[in-house]
Amino acid sequence: PLRSFTSIHPSREGVTFKYKETTPIRAPGSGKVVYSGELASYGKVLIIDHGKDIRSVLLGDIVSKVDKNQIVAKNQIIGYTIADIGMIKSLYYEIRKKNIAQNTKQWLVQNTKNNKIKI
């Protein structure tokens, strides 16, 4: 979802992109926005339903440029990270299948090698 970042930190389920400047957030695959807004203690959240029970979840200090129920295309700009001078900030990204977090790092590695998104 980010093309410009300083580092990436995988966890068991998702990955955290670290960044220093405002950068576009791109849709990891085509689909329908099912949530765009605040979510409890998580802050700003974007959720895209790609069909076949697969969803992308993005959360962090972001500005969304899409609305709920909007159809998005792969690589479409769906928002922007918010940067603060001199600070490194984070964007968390997770793939969920049937609402269960998947190994997002493995998914990214496979799709980077193949140079395509398999959603």
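All values derive from a computational prediction rather than experimental measurement.
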Does the side chain to side chain contact (heavy atoms under 4.5 Å, CB included) test come out yes or no for R96 and V57, once each step is laid out? CA-CA 8 Å; R96 298 182 74 79; V57 179; 3.6 Å; yes
Pair D84 + K89: basic N to acidic O under 4.0 Å: yes
Mind listing the closest non-hydrogen atom pair of V63 and I82 along with its distance? CG2-CD1, 3.5 Å
Exam field: side chain T104 to backbone E13, donor-acceptor pair closer than 3.5 Å: yes
Under 30°, 30 to 60°, or over 60°: which ring-plane class applies to F17 and F5, parallel, tilted or perpendicular? perpendicular
Is Y92 reachable from L39 through a run of I, L, V, M, F, W or Y residues, each pair having side-chain heavy atoms under 4.5 Å apart? yes
Side chains of L58 and V45 in contact at under 4.5 Å (non-hydrogen atoms): no
Any chance you could measure K74, atom NZ, to I48, atom CD1, to the nearest 0.5 Å? 13.0 Å
Shortest non-hydrogen separation from V72 to A27 and the atoms involved: CG2-CB, 4.1 Å
Find out whether R3 and R26 are in side-chain contact, i.e. whether some heavy atom of one side chain is under 4.5 Å from a heavy atom of the other. yes
Distance check, rounded to the nearest 0.5 Å: I8 atom CD1 versus S90 atom OG? 11.5 Å
Report yes if the side chains of K65 and I78 come closer than 4.5 Å at any heavy-atom pair, otherwise no. no
Would you say that I47 contacts V33 through its side chain, given a criterion of any heavy-atom pair below 4.5 Å between the two side chains? no
Test L2 against T81 for side chain to side chain contact (heavy atoms under 4.5 Å, CB included), laying out the working first. CA-CA 9 Å; L2 291 184; T81 60; 3.9 Å; yes
Polar side-chain atom of S64 near backbone of L46 as donor-acceptor pair, under 3.5 Å: no
Look at the side chain of N103 and the backbone N and O of Q106, then say whether any donor-acceptor pair between them is shorter than 3.5 Å. yes
Let me confirm one number: the OH-CG distance from Y35 to L59, rounded to the nearest 0.5 Å. 11.5 Å
Take S56 and E94, measure what side chain to side chain contact (heavy atoms under 4.5 Å, CB included) needs, and give me the verdict at the end. CA-CA 6 Å; S56 291; E94 183 176 278; over 6 Å; no
Run K32 and D49 through salt bridge (Lys or Arg N to Asp or Glu O under 4.0 Å) and show every step you take. CA-CA 5 Å; K32 181 179 181 179; D49 186 332; over 6 Å; no
May I ask you to check whether S11 and H9 show a side-chain donor-acceptor distance below 3.5 Å? no
Would H50 and S30 count as a side chain to side chain contact (heavy atoms under 4.5 Å, CB included) here? Give the steps. CA-CA 6 Å; H50 302 288; S30 60; 5.7 Å; no
Locate the shortest heavy-atom distance separating Y80 from P24; write the atom from each residue and the value. CD2-CA, 3.6 Å
Side-chain contact, heavy-atom cut-off 4.5 Å: E21 with S4? yes
M87 side, atom CE; Y19 side, atom OH - distance, nearest 0.5 Å: 9.5 Å
For the atom pair NZ (K98) and NZ (K52), what is the distance rounded to the nearest 0.5 Å? 13.0 Å
In this structure, CG of L91 is separated from OG1 of T16 (nearest 0.5 Å) by 8.0 Å
Using every non-hydrogen atom in the two residues, find where V66 and S36 come nearest and quote the distance to one decimal. O-OG, 3.1 Å
